[in-house]
Amino acid sequence: MYGDNGGRGGQVLSAIGDEGYHFEYGVGQDRVREMLNNLRNEEEQVREVSVSAAALEQVLRVAWGFMRLEEAQGGEGYAASLWQSEHEALRKVGEALKR
């Protein structure tokens, strides 16, 4: 729990200060964890990596195959409703590879 947070401690303290009500009510451990997780999620959303197009195409083939299987078992739109953000990410990767 108290391991390396990637230097996010200052960001969490800043966020606590921005909320303002902490002076009166304090900030619980669960709220601090939530803030830290939110920071991690935000960083992950914008993190970029470099991967070969061939590797991405293979991953897309497998992922879309899985989505088609889920569609066959659950009905049209089933997979996209279960994994909305993943579905959108697959679409974006596919579009990027077409460029």
Side-chain angles (χ1 to χ4, degrees):
M1 179 176 115
Y2 298 106
D4 178 25
N5 290 319
R8 294 181 193 93
Q11 292 173 301
V12 170
L13 288 174
S14 177
I16 290 170
D18 290 345
E19 288 191 352
Y21 63 83
H22 70 282
F23 291 112
E24 191 171 337
Y25 302 108
V27 178
Q29 186 176 12
D30 290 340
R31 180 67 182 127
V32 172
R33 275 196 191 116
E34 179 184 344
M35 290 174 151
L36 182 58
N37 287 334
N38 288 342
L39 284 170
R40 287 177 181 152
N41 290 338
E42 289 171 13
E43 290 171 1
E44 193 62 29
Q45 291 295 318
V46 297
R47 183 174 68 103
E48 293 185 10
V49 297
S50 178
V51 180
S52 73
L56 282 176
E57 288 170 351
Q58 289 176 333
V59 169
L60 279 179
R61 275 196 296 276
V62 171
W64 283 122
F66 177 77
M67 291 286 206
R68 282 192 295 278
L69 178 62
E70 288 295 317
E71 295 281 314
Q73 293 175 352
E76 186 175 339
Y78 180 71
S81 68
L82 282 180
W83 298 289
Q84 294 174 2
S85 61
E86 291 85 352
H87 189 270
E88 180 64 16
L90 288 172
R91 189 187 64 72
K92 286 180 181 179
V93 171
E95 287 177 3
L97 286 171
K98 290 178 184 176
R99 290 184 212 143

Linking I/L/V/M/F/W/Y whenever any side-chain heavy atoms sit under 4.5 Å apart, do [X] and [Y] land together?
X: V46; Y: L39; value: no
X: V49; Y: L97; value: yes
X: W64; Y: Y78; value: yes

* For L90 against A63, the heavy-atom pair lying closest together -> CD2-CB, 3.5 Å
* Structure fact -> The reported gap from CG in N38 to CZ in R31 (rounded to nearest 0.5 angstrom) is 7.0 Å
* To do: Look up atom CG in L60 and atom CE in M67, then write down how far apart they are to the nearest 0.5 Å.
  => 10.5 Å
* Asked: Which residue pairs pass the salt bridge (Lys or Arg N to Asp or Glu O under 4.0 Å) test when at least one of the two sits in residues 54-76, sequence neighbours left out?
  ->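 The answer is none; no pair qualifies.
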* Would you please name every residue forming a side-chain contact (heavy atoms from CB on, under 4.5 Å) with S52, sequence neighbours left out? => A54, A55
* Asked: Which residue, R40, E34, R33, forms the side chain to side chain contact (heavy atoms under 4.5 Å, CB included) with L36?
  -> R40
* Asked: Salt bridge or not for E95 and R91, using N-O below 4.0 Å?
  ->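 The answer is yes: the pair qualifies as a salt bridge.
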* Asked: Considering only heavy atoms from C-beta outward, does the side chain of Q58 approach that of V62 to under 4.5 Å?
  -> no
* Would you please classify the geometry between the F66 ring and the W83 ring as parallel, tilted or perpendicular, with 30° and 60° separating the classes? =>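 Rings of W83 and F66: tilted, 30 to 60°.
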